[in-house]
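Accompanying notes for the structure given below.
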Amino acid sequence: MAKDFVTRSENYSEWYNELVVRADLAENSAVRGCMVIKPYGYAIWEKMQAALDKMFKDTGHQNAYFPLFIPKSYFEKEAEHVEGFAKECAVVTHHRLRAKSDGTGLEPDPDAKLEEELIVRPTSETIIWDTYRGWIKSYRDLPILVNQWANVVRWEMRTRMFLRTAEFLWQEGHTAHETSQEAIEETKKMLDVYAFFAENFMAVPVLKGVKSPNERFAGALDTYCIEALMQDGKALQAGTSHFLGQNFAKAFDVKFLSKENKLEYVWATSWGVSTRLMGALIMSHSDDNGLVLPPKLAPIQVVIIPISKGEEQKAMVDSHAEKLCSELRAKGISVKYDDRDAYKPGWKFNEYEFKGVPVRVTLGARDLEQGLIEIARRDTLTKESMQIEGLSDKIEKLLEDIQENIYNKALHFREESTREVNSWEEFLVEIEKGGFLSCHWDGTPETEEKIKEITKATIRCIPLDAKEEEGKCIFSGKASNKRVVFARAY
RNA sequence: CGGGGUGUAGCGUAGUCCGGUUAUCGCGCCAGUUUUGGGAACUGGAGGUCGCAGGUUCGAAUCCUGCCACCCCGACCA
């Protein structure tokens with residue numbers, strides 16, 4: 001049991017904050033709203049990046065890099081876009097500091113004021129579309145399929161590590177196409193990539209859908225999203241893929257000559273996932289004993305802990321450990337042998353349990369004399385004695401089992417937290433219990449806005465697989481032909 | 001940005017109302033010895049601008065003023 005660790009039921013948000021720090025994932029920095037991602041947390045992010053990056057490249061995308069700074073005037077070119085982001089921009093006004101006249105420190109040098117302020121990018125559509133104008137002249141230049149791994153800044157009022165920080169890491173794909181249809185296909189394709197990643201790597205089941213107009217990205221015609229459900233019953237938007245139409249092409253005058261020799265505006269998409277995925281990962285699987293990681297993203301998949309008395313036993317345990325490590329590494333499994341003398345086995349058990357290492361192997365001199373070892377799995381907290389022969393094969397299989405088990409557990413939770421609601425009275429009761437509520441909605445922003453005002457619940461998405469069904473809006477009673485998903489969200 | 005709360009060692013804290021020796025205790029840290037199957041024990045030791053800046057006072061962690069940071073609840077959001 002984790003000592004002095006608050007439980008989820010006692011205080012969910014305190015549980016989350018403490019978990020992030022105690023599992024050594026990240027800590028608050030001296031800079032307001034910005035966190036330090038620590039090596040263990042960053043290692044998880046690197047595994048996420050590697051898997052996503054491969055999928056982007058397998059679907060034909062290339063990486064590139066655009067400037068951190070964007071001239072202010074670029075934001076003025078797309079009206080909806082600027083309205084969405086203006087309130088949370090960091091602005092660079094000077095390029096030099098000088099000593100204050102009273103000797104108390106530094107101040108921006110008035111002589112070094114920028115003629116035009118630079119915005120620290122909150123997202124890169126504007127600078128990228130300004131650049132694309134120079135790249136695109138003909139249909140032969142299309143499509144452009146580019147992704148960028150970067151940091152962005154959004155000056156948020158209230159921040160929480162991984163879920164909402166003023167600076168965060170992400171990737172943003174920006175593609176340019178000849179036709180509307182091709183751009184929409186790209187938007188959906190990348191949504192599928194995200195959903196596949198969430199479910200198969202993170203072991204987090206997600207709902208694929210389209211945002212209602214209220215929740216749409218600033219400047220998009222359609223925003224597709226994946227929505228996950230956290231253990232406290234709140235929804236988390238885990239990734240978005242936008243169909244931008246010709247909005248940015250028009251704002252930045254990006255045209256191409258078609259096969260028919262007609263000058264046309266380019267069709268665009270953008271899509272992104274961020275370090276917020278770390279928050280989704282943490283909140284989906286972890287328990288009152290600490291972090292639980294899916295094997296596919298765990299920096300350490302197997303930890304080996306030795307127990308011995310005296311030099312002779314230690315040598316024997318060491319040699320078994322060495323053999324097991326090399327067998328596991330040959331299978332591409334990341335393994336750590338923790339033979340530090342400074343900590344006792346019990347201490348290490350708790351340490352790795354808290355950090356979510358999927359499999360623990362205890363190599364004890366007493367067991368080894370009988371050819372046995374002990375395997376503990378983090379997801380179920382169960383232990384089992386096994387014969388040492390063929391151990392690496394069993395561990396390989398076990399890692400697959402754990403990956404599947406935590407996905408199924410999360411899926412089961414989501415299914416049991418998703419229910420159909422057919423009346424306003426019922427909605428008011430059910431929304432308090434958390435989870436996804438599948439309801440009829442009249443399709444108007446006014447209704448959505450009122451429901452949000454009264455209950456804090458928003459439409460998370462209109463599921464892509466929603467079936468046609470006659471019904472009445474839970475709020476207005478007007479006709480509706482499909483159900484949408486409501487929830488309170490992060 | 002509005003409402004509420006909190007700042008004392010790396011972390012958690014006592015002391016603050018009612019100013020007065022060398023700022024309390026636990027964890028952690030360092031050294032040594034004994035230990036090792038679910039967070040080891042003993043002995044010794046290091047570590048403090050009491051959030052910051054002013055002020056009142058013989059004397060301030062304690063009283064006053066201003067500022068800053070963080071947490072919770074709202075509005076906003078990947």
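Chain identifiers are assigned alphabetically (A, B, ...) following the order of the sequence lines, protein sequences preceding nucleic acid strands; residue numbering begins at 1 within each chain. Remember, predicted model here, so these are calculated numbers, not experimental data. Computed from heavy atoms alone, side chains included, the values below leave out hydrogens, waters and symmetry copies.
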Option from A:Asp222, A:Leu221, A:Thr187, A:Thr223 for which side chain to side chain contact (heavy atoms under 4.5 Å, CB included) with A:His242 holds: A:Thr223

Sugar-phosphate only, base, or nothing, as touched by A:Tyr490 at under 4.0 Å among non-hydrogen atoms: base

Sub-4.5 Å side-chain heavy-atom contact between A:Asn405 and A:Arg377: yes

Check: A:His81 and A:Thr123 side chains under 4.5 Å, non-hydrogen atoms: yes

Sugar-phosphate, base or nothing in reach of A:Arg360, heavy atoms under 4.0 Å: base

Stem segments of RNA chain B by first residue number [Watson-Crick or G-U, under 3.5 Å, at least 3]: B:1-7 with B:68-74, B:10-12 with B:25-27, B:29-34 with B:40-45, B:51-55 with B:63-67

Sugar-phosphate only, base, or nothing, as touched by A:Gly272 at under 4.0 Å among non-hydrogen atoms: nothing

Any donor-acceptor N/O pair, A:Lys38 side chain to A:Glu27 backbone, under 3.5 Å: no

Close aromatic pair by centroid cut-off 6.0 Å: A:Phe56 and A:Trp271: yes

Sub-4.5 Å side-chain heavy-atom contact between A:Trp129 and A:Ser124: no

ring-ring contact (aromatic ring centres under 6.0 Å, His included) involving A:Tyr12 - partner list, sequence neighbours excluded: A:Trp15

N or O in side chain of A:Lys348 less than 4.0 angstrom from B:G37 OP1/OP2: no

Residue A:Arg366, side-chain atoms from C-beta onward, closest of B:G37, B:G39, B:G38: B:G37

Straight-line distance of A:Cys439 SG to A:Ile451 CD1, nearest 0.5 Å: 7.5 Å

pi-stack flag for A:Phe349 and B:G39, centroid dist under 5.5 Å, interplanar under 30°: no

Report, one pair per line, the protein and nucleotides 72-76 of chain B atoms (nitrogen or oxygen only) whose separation is under 3.5 Å.
unit_1	atom_1	unit_2	atom_2	d
B:C72	OP1	A:Asn17	ND2	3.4
B:C73	OP2	A:Arg158	NH2	2.7
B:G74	OP1	A:Lys456	NZ	2.8
B:C76	O2	A:Glu156	OE1	3.3

Salt-bridge present (A:Asp232, A:Arg8; N to O < 4.0 Å): no

A:Trp170 and A:Phe168 aromatic ring geometry - parallel, tilted or perpendicular at 30°/60° bounds: perpendicular

Nucleic acid contacts - residues 291-321 of chain A versus RNA chain B, non-hydrogen atoms under 4.0 Å: A:Ile307, A:Lys309

Closest-nucleotide ordering on RNA chain B, the 5'-leading residue of A:Asp341 and A:Phe217: A:Asp341

Of residues 275-283 of chain A, the positions that come close to RNA chain B - non-hydrogen atoms, cut-off under 4.0 Å: A:Arg276

Exercise answer: donor-acceptor pairs, residues 188-210 of chain A side-chain atoms, under 3.5 Å, sequence neighbours excluded:
unit_1	atom_1	unit_2	atom_2	d
A:Asp192	OD1	A:Lys208	NZ	2.7
A:Tyr194	OH	A:Gln171	OE1	2.5
A:Tyr194	OH	A:Gly272	N	3.0
A:Glu199	OE2	A:Val206	N	3.0
A:Asn200	ND2	A:Phe196	O	3.0

Sugar-phosphate, base or nothing in reach of A:Thr165, heavy atoms under 4.0 Å: base

Test of ring centre spacing under 6.0 Å for A:Phe427 and A:Phe486: yes

